[in-house]
Amino acid sequence: MIQIFGIPIQALMGQILLGLVNGSFYAVLSLGLAVIFGLLNVINFAHGAFFMLGAFFAWMGLHYLGVSYWVMLLVSPLLVGVAGIILERGLLRHLYQLDHLYGLLLTFGVVLLMEGFFRSIYGVSGLPYPVPSALQGGIDLGFMYLPIYRLWVVVVSLALCLGVWLLVEKTQLGALLRAATSNPKLVEAFGINVPLIVTLTFGCGVAMAGFVGVLAAPIMQVSPSMGANLIVVVFAVVVIGGMGSILGSIVTGLGLGVLEGLTKVYWPEAANTVVFMIMVIVLVLRPAGLFGKQA
Amino acid sequence: MTTPMLEISDLHAWYGEAHVLHGVNFQVHQGEVVTLLGRNGAGRTTTLRAVFGLLNRREGSIRIGGQEVIDWPAYQIAHLGLGYCPEERGIFPGLTCEENLLLPRKLRVQGGQAMSLDEIYQLFPNLHERRYSPGTRLSGGEQQMLAVARILRTGAGLLLLDEISEGLAPVIVQALAHLIRMLKERGFTIVMVEQNFHFAASLADRFYVMEHGRIVREVLASELSEQQAMLDELLGV
């Protein structure tokens with residue numbers, strides 16, 4: 001059997017794949033956070049709760065209405081986006097004049113409310129969600145067994161990241177977003193409805209979290225705390241990549257996912273903390289993050 | 001008499017807690033070039049920002065073509081045909097020259113005289129040459145040309161220009177003066193805030209002098225020479 005540094009290649013590849021899957025979740029979630037922070041200056045602590053909401057909508061669709069995974073992959077992010085728009089218009093909007101901290105506290109409160117609500121109805125033990133039939137099974141690559149669903153998650157997440165990056169960096173609409181991020185008042189003076197752009201951006205950002213929630217449902221158990229476990233790492237990813245940097249979020253998310261996977265193989269005890277150790281080092285050496293602009 | 005293009009009455013404005021404008025009154029008519037003069041901190045830039053609704057608190061009256069806009073959200077005001085060239089040019093970092101140029105929307109105004117991108121590039125060949133460069137990599141003069149050019153595309157007929165000559169080489173200032181004259185000939189109405197008195201003196205039809213958040217004098221271009229001593233004193237030249 002082939003071994004790399006004393007580890008069988010199957011185990012190594014398996015963990016790298018697992019790392020890529022987690023990294024895909026980190027990438028899309030931190031991308032949404034980055035876009036929202038860039039435009040709204042709000043640290044959206046509720047991002048993980050919207051991820052959980054996306055997974056629950058998928059589960060509810062299937063369980064109560066018999067709606068398939070594929071339909072919910074579209075409908076669930078839409079519903080999550082609408083929930084986000086209600087949050088932005090109803091509550092967040094009133095805090096823009098204040099310090100970042102207030103937005104953080106408000107969204108933290110929203111997390112507690114949303115998690116508490118789902119916990120009271122569905123309990124804390126996870127609900128299973130089946131892998132859709134078209135994506136069941138796997139491919140035997142000889143050196144490892146590749147589950148099709150995990151491959152799908154990685155591919156579709158990367159496609160989404162690439163799409164968002166192209167939209168923001170290469171289109172005139174993206175130019176508008178970038179301009180509104182750096183000087184919203186001036187953009188408004190040019191006759192552009194910035195408050196509407198802000199609302200839609202928040203909606204799209206959390207809809208992406210909802211989308212990943214649906215993707216994650218067959219891999220993780222659908223549970224009220226699924227977002228909370230992930231979002232702490234995602235915040236570390238955002239800090240490491242650089243607050244507000246889109247490319248930084250994508251690269252750092254994937255990279256740290258894989259690194260976490262490799263740590264599980266070579267130093268299992270450190271797997272849960274490696275991301276945070278890197279965060280500490282990055283904060284000391286490059287406080288603006290790897291891809292952030294130094295202030 | 002026709003309705004003024006811009007009519008400001010008893011305008012008060014605040015930056016946070018600081019009360020900056022204390023009842024500003026002035027009018028600008030179609031086709032005029034009017035300059036706001038004054039020392040730093042007199043409230044000239046604040047007056048322009050207040051017109052666009054960029055301050056958190058403003059009171060009084062601002063009429064654009066007879067329409068009261070004091071309670072309007074900022075993004076609707078430009079659509080009455082206003083173009084804004086802010087202090088320090090406001091070129092967006094992270095956007096190319098052309099992205100900066102294309103950013104302001106075409107306004108919904110009637111009878112505007114929007115220039116096409118081709119016309120603008122003919123007028124400003126440097127911007128065409130550097131259209132893919134990041135906006136903030138342009139020279140100061142090019143950035144200033146870009147800041148003016150991008151509001152000519154929108155169809156705005158009333159241009160508010162804040163210190164466009166500031167910090168630029170004399171040859172560029174001359175080019176800007178030439179541009180302002182051309183815009184006046186084409187029928188644009190222009191309100192300028194200027195520190196450079198000589199630049200403004202050759203261009204404006206009327207001058208308002210501001211002090212402590214109020215208009216304290218109105219001077220016609222024809223009266224400039226006889227009022228020079230008073231202006232020197234007020235402006236601390």
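Residue numbers begin at 1 in each chain, while the letters A, B, ... track the order of the sequences.
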Kindly check if the number of other-residue, nucleotide or ligand heavy atoms within 6.0 Å of CZ (A:Arg93) is above 12? yes
Is there any residue in residues 160-180 of chain A with a non-hydrogen atom under 4.5 Å from a non-hydrogen atom of chain B, and which ones are they? A:Glu169, A:Thr171, A:Gln172, A:Ala175, A:Leu176, A:Arg178, A:Ala179
I need the A:Ile192 CD1 to B:His79 NE2 distance, nearest 0.5 Å. 7.5 Å
Given a strict heavy-atom distance threshold of 4.5 Å, which part of B:Leu80 is in contact with chain A: side chain, backbone, both, or neither? neither
If you tally heavy-atom pairs under 4.5 Å between each of B:Leu82, B:Leu103, B:Leu107 and chain A, the highest tally belongs to B:Leu103
So if I take each residue of residues 90-102 of chain B and look for any heavy atom under 4.5 Å from a heavy atom in chain A, which residues do I end up with? B:Gly90, B:Phe92, B:Pro93, B:Gly94, B:Leu95, B:Glu99, B:Leu102
For B:Tyr121, does the OH atom sit with more than 12 other heavy atoms under 6.0 Å from it, leaving out its own atoms? yes
Do B:Tyr75 and A:Val187 touch side chain to side chain, with heavy atoms closer than 4.5 Å? no
